[in-house]
2 protein chains.
Amino acid sequence: MRRKRFASSENAPGGAPVVTMSDVAMHAGVSAQTVSRVVGRPELVAEATRIKVQEAIRALNYIPNEAARNLASKSSRVVAVIIPTLSSSVFAAQVKGIIDLLEPRGISVVIGNSEYSMLREEQIIQTLLERRPLGFILTGLQHSPRATDLLRQSGIPVVETWDTDSRPLDLAAGFSNIAAGHEVGSLLVARGSRNVAFVGGSAKQDARANGRFVGMAQALAEAGLPPAFRVELLLPMSSQDGIRGLDEVLQRAPMTDAIFFSADMLALAALLECNRRGVRVPEQLAICGFGDYDLAALVTPALTTVKIQPDEMGMKAAELLLARLDGAPDRQKSVVLRPQLIRRGSA
Amino acid sequence: MRRKRFASSENAPGGAPVVTMSDVAMHAGVSAQTVSRVVGRPELVAEATRIKVQEAIRALNYIPNEAARNLASKSSRVVAVIIPTLSSSVFAAQVKGIIDLLEPRGISVVIGNSEYSMLREEQIIQTLLERRPLGFILTGLQHSPRATDLLRQSGIPVVETWDTDSRPLDLAAGFSNIAAGHEVGSLLVARGSRNVAFVGGSAKQDARANGRFVGMAQALAEAGLPPAFRVELLLPMSSQDGIRGLDEVLQRAPMTDAIFFSADMLALAALLECNRRGVRVPEQLAICGFGDYDLAALVTPALTTVKIQPDEMGMKAAELLLARLDGAPDRQKSVVLRPQLIRRGSA
DNA sequence: TTGTAGGCGTTATCAT
DNA sequence: ATGATAACGCCTACAA
């Protein structure tokens, strides 16, 4: 004796029948609404009913449909994260921090790579807006005017990361690149460097690296040192660019006795190259990096650098978002992290 | 003179009015269906109409609602990617490869971190199933029975990566860890190493690393060498674990003259530590890594390692998925990449 | 504690 | 080339 098992008559072509809430309801002998409650707010349902429904859910292998849920509730469970690139360990770590905080809350993270391009960022924002994400987590404070408009009009919370040196659109979790650069500059001054160079991403492409340069330049100026020689690299950068930067400094500013690299990957490559060439670090050339990369403490001499903890930055960003979503009046619009200068052997 | 501008009467609390397709239709003087065509398949609409509609879209700042789209079309534009951790540059690179291929096709990538736990993986799969993704891209060939069931029943395409040493669930893009390990073993044999050690993630947690061990052990056996001393590390690993592994080998198997590390991060840390301690590489101790990490070529001696190109693996995985989605009968169920042994100074 | 009614914004299907 | 109608699967609001 057969009877119809599923309310939805049509099934996937070659696949299993599509089980919906009303299938479960029918199976359990309750209304669809009760099934909805069991899935979403089980505490509102009497225990006996709840168990009955849960058994039906298991028996039918019911899997809620997130799209239907989103449409009916006018809200998604997605956060959009846009970073320049996943190739850089600092951004990957930031994303990991975000996921670690959001995943337990049932929120998925979708990632966009802007490749350091404001136009790409704008396009990604436009596309991701269609998903009505709970929030955006962006890198830096600079965006195309249209991107800014889109975000504003959407009314969706935005957290900007990696930079607190100017006014955020909405929320921010980051640090002052200028202050961090200034600390490095002061260290170089204190250790007696006179001719300092800076190697990093181009100012137009990487406003954060530029901030570090500005801060360092300021410290040098305060100490009456000559302005830094600057090498601007095109993004994205590989470790090879560290060596290229080193070469350019050595050739075009041979008096240089200290280099501040905007990222540890560059600094480490340069430091290892110095070892190979017999350039003595820090006696002949002091080297300072940025990021406190995993191997920074292990090279010889160990790399002096700035620790920024991007994973924590990601978590703070996610926290700001969650607080806003929980409807709390913003306790703080902006979390300012404090990078830590770690002095080791190289400078 | 005012008139009602929006079909949807209710607006977001403090935000902009919610613009829907029928608002656009009204504004342009066409039916909603025509707007839908303009958005999705503009070639089906007469040019004059199309332009009129596109103007209305711009004028009203219309943004399609992906949830409604998914519900009506019974299909999403999401691919789910589950990796052990984003902290490891190889997995981050893989994800980047996937995104680079999918983003241009309008497909978003949601990421899950399993933390090397099959249970976590299963939970993530269950959650992400609610989004009805176009496909899953997983790491490795081992999954909990329930995870396997869930995937099978869903009928959703699955690509498994990083391992082709046993039978995949569905599609696969990876390489043979056993073969790669065997190559390393052969190299060590050829260079005259006699007492080889292996340092890597525990076999239970990391089946891929175990495959590399097995392959290497086989090569040693074939050459009549004694079995390798093995150090199994708990995941996740940091570079410090490379030093811990080195120490354990040096203490418990002092005759060791070569170590194969399952990841470059470990090998580099160990190599740098050897430099610091005055252990001569490769004369006293040969070191081989895995992954061809960015800095591998820059240390002294340069690290002998195996290049795997995880970004390409990610792209291949995405391609397999796209081919399947395009309805093509599977031309290949499995893409087997060929890792490349790169011999440098350390072994 | 549970059920009913209605609608969320789009696409599929069939007409015209 | 365009339109009308009916789902899609769930949640909100209200009623019982």
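Basis for what follows: all heavy atoms, side chains included, without hydrogens, waters or symmetry-related copies. So you know, we letter chains A, B, ... as the sequences are listed, proteins then strands, and number each from 1.
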Using the test salt bridge (charged side-chain N to carboxylate O under 4.0 Å, His left out), find all partners of B:Arg69 that sit at least two apart in sequence or belong to another chain.
A:Glu130, B:Glu66

Suppose we screen for side chain to side chain contact (heavy atoms under 4.5 Å, CB included). Which residues come up paired with B:Thr127, at least two apart in sequence or across chains?
none

Sub-3.5 Å donor-acceptor pair from the side chain of A:Glu115 to the main-chain atoms of A:Thr85, do we have one?
no

Tell me: CD1 of A:Ile51 to P of C:dT1, nearest whole Å?
14 Å

Qualifying residue, where the test is side-chain contact (heavy atoms from CB on, under 4.5 Å) with B:Glu319 and the options are B:Leu101, B:Leu171, B:Leu102
B:Leu101

Quick check on C:dG3: is either OP1 or OP2 less than 4.0 Å from any side-chain nitrogen or oxygen of A:Ser31?
yes

Is any side-chain N or O of A:Thr34 closer than 4.0 Å to OP1 or OP2 of C:dG3?
yes

Start at the 5' end of DNA chain D and walk down; is the nucleotide closest to B:Leu71 or to B:Arg50 reached first?
B:Arg50

B:Asn65 CG to C:dT11 C1': how many Å, rounded?
13 Å

Tell me, which pairs form a salt bridge (charged side-chain N to carboxylate O under 4.0 Å, His left out) where one or both residues lie in residues 47-57 of chain B, sequence neighbours left out?
none

The criterion is salt bridge (charged side-chain N to carboxylate O under 4.0 Å, His left out); which residues satisfy it with A:Asp100, sequence neighbours excluded?
A:Lys96

In whole Å, what is the span from the CD1 atom of B:Ile63 to the C1' atom of C:dC8?
17 Å

Looking at D:dT2, I'd like to know if its phosphate oxygens (OP1 or OP2) sit under 4.0 Å from a side-chain N or O belonging to B:Thr49.
yes

Can you measure B:Leu44 atom CG to C:dT13 atom P for me and round it to whole angstrom units?
14 Å

Please list all pairs meeting ring pair (Phe, Tyr, Trp, His ring centres under 6.0 Å) that have one or both residues in residues 108-157 of chain B, counting only residues at least two apart or in different chains.
none

Mind calculating the distance between CE (A:Met26) and P (C:dT2) to the nearest angstrom?
19 Å

Just N and O in the side chain of A:Lys74: are any of them under 4.0 Å from OP1 or OP2 of D:dC10?
no

Could you run through nucleotides 11-16 of chain D and give me one letter per nucleotide, 5' to 3': B if any protein heavy atom sits under 4.0 Å from the base, S if only the sugar-phosphate is that close, - if neither?
BB----

Starting at atom CZ of B:Arg41, determine the distance to atom P of C:dT10, rounded to an integer number of angstrom.
18 Å

